[in-house]
Amino acid sequence: MLIEAAAKTCSTLFGNLRDRLKGVMDRRNELQRLDQREIEVIARELNLSRTELAALILKPSGSLQSLSRRLSHAGLAEDDVEASHGDVLRDLRRVCSQCSSKARCARDLNHARQATPAKYCPNEQTLRALADDVQRCAPQNLPVPATHN
């Protein structure tokens with residue numbers, strides 16, 4: 001029974017690695033099909049260098065899911081941040097995609113540990129500033145006057 005469980009875990013691990021490698025190869029092939037002008041236009045639109053764009057494309061996409069969850073934990077709706085601070089969100093995504101603590105971040109998020117990001121997350125200060133900005137700009141709940149009949 002223990003051997004079967006180990007074999008299943010090993011099979012799942014290799015399957016996950018195979019899928020991640022396939023994703024990287026697919027993204028790399030897609031990038032290679034673009035000509036240099038197209039790459040430059042895309043990089044410019046994202047406010048990235050060509051090198052940063054290439055690095056971003058080759059990174060696993062899990063970091064963007066982690067960022068979405070970090071935004072949610074900070075009380076921020078990603079769509080609202082995109083509408084009001086699109087340039088900041090692009091920068092958050094870029095920094096998150098290049099972060100060396102992706103595995104730790106994912107573990108913390110999966111275990112609902114929100115206290116530790118300040119120790120390793122390069123976006124934590126920006127997320128806090130955005131959350132403070134949203135709270136400052138939010139309409140205050142005013143008491144509703146009582147109606148007399």
Side-chain angles (χ1 to χ4, degrees), residues 3-142:
I3 293 173
E4 290 173 5
K8 184 175 182 177
T9 300
C10 188
S11 173
T12 302
L13 175 66
F14 286 123
N16 289 341
L17 287 173
R18 180 195 67 232
D19 292 346
R20 288 176 57 194
L21 180 60
K22 183 182 180 321
V24 167
M25 296 302 289
D26 288 347
R27 289 190 298 274
R28 187 189 66 134
N29 291 339
E30 187 172 337
L31 181 62
Q32 288 178 338
R33 284 192 292 268
L34 298 174
D35 69 31
Q36 294 304 312
R37 281 179 292 160
E38 290 172 316
I39 292 171
E40 288 175 20
V41 167
I42 293 168
R44 191 173 34 253
E45 286 178 5
L46 296 173
N47 199 26
L48 300 171
S49 69
R50 288 178 50 212
T51 305
E52 289 172 325
L53 177 63
L56 180 64
I57 288 172
L58 297 177
K59 299 273 181 165
S61 62
S63 59
L64 297 182
Q65 294 163 343
S66 292
L67 177 59
S68 293
R69 291 176 68 188
R70 287 270 178 233
L71 286 165
S72 178
H73 285 299
L76 300 164
E78 193 165 354
D79 291 340
D80 293 344
V81 173
E82 188 160 23
S84 62
H85 299 88
D87 55 337
V88 175
L89 184 60
R90 278 192 301 277
D91 191 52
L92 286 168
R93 288 173 175 158
R94 181 185 56 78
V95 170
C96 195
S97 70
Q98 296 174 349
C99 180
S100 61
S101 299
K102 286 182 191 73
R104 182 176 183 185
C105 181
R107 274 194 312 274
D108 281 359
L109 288 167
N110 288 336
H111 293 98
R113 291 186 291 225
Q114 297 176 32
T116 61
K119 293 180 181 178
Y120 63 85
C121 179
N123 277 330
E124 186 63 20
Q125 287 184 333
T126 305
L127 290 170
R128 286 185 186 181
L130 278 172
D132 290 346
D133 187 52
V134 167
Q135 281 186 334
R136 237 186 349 269
C137 295
Q140 301 297 319
N141 290 335
L142 300 174

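Residue numbers count from 1 along this sequence.
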Original post:
With R44, which residues qualify under side-chain contact (heavy atoms from CB on, under 4.5 Å), at least two apart?
Top reply: V41
**OP:** Applying side-chain hydrogen bond (donor to acceptor under 3.5 Å, both in side chains), name anything that partners E45, two or more places apart in sequence or on another chain.
**Re:** none
Subject >> With sequence neighbours excluded, residues passing salt bridge (Lys or Arg N to Asp or Glu O under 4.0 Å) with D35 >> reply: R37
Original post:
Which residues pass the side-chain hydrogen bond (donor to acceptor under 3.5 Å, both in side chains) test with R107, sequence neighbours left out?
Top reply: none
Original post:
Does some side-chain heavy atom of V88 sit less than 4.5 Å from a side-chain heavy atom of V81?
Top reply: no
Original post:
Can you list the residues that meet the side-chain contact (heavy atoms from CB on, under 4.5 Å) rule with L34, with sequence neighbours excluded?
Top reply: L31, E38, I39, I42
Subject >> Side-chain touch P117/R70, heavy atoms, less than 4.5 angstrom >> reply: yes
Original post:
Who are the side-chain contact (heavy atoms from CB on, under 4.5 Å) partners of R33, not counting sequence neighbours?
Top reply: N29, E30
Subject >> Shortest non-hydrogen contact between C99 and P122, atoms and distance >> reply: SG-CD, 3.8 Å
Subject >> Any residue meeting side-chain hydrogen bond (donor to acceptor under 3.5 Å, both in side chains) with E78, in chain and number order, not counting sequence neighbours >> reply: S68, R93
Original post:
Roughly how far, to the nearest 0.5 Å, is the CG atom of L127 from the OG atom of S72?
Top reply: 11.5 Å
**OP:** Taking atom types as modelled, find out whether R69 and N110 have a side-chain donor-acceptor pair closer than 3.5 angstrom.
**Re:** yes
**OP:** Heavy atoms only: give me the nearest S66-C105 pair and the separation to one decimal.
**Re:** CB-SG, 3.9 Å
**OP:** Report yes if the side chains of L109 and Q65 come closer than 4.5 Å at any heavy-atom pair, otherwise no.
**Re:** no
**OP:** Please identify each residue that fulfils side-chain hydrogen bond (donor to acceptor under 3.5 Å, both in side chains) with D91, with sequence neighbours left out.
**Re:** R94
Original post:
Under 4.5 Å between any side-chain heavy atoms of L130 and L92, yes or no?
Top reply: yes
Subject >> Contacts of D80 that satisfy side-chain contact (heavy atoms from CB on, under 4.5 Å) - sequence neighbours left out >> reply: A77
Original post:
Which atom names give the shortest non-hydrogen contact between Y120 and S101, and what distance separates them?
Top reply: CD1-CB, 3.6 Å
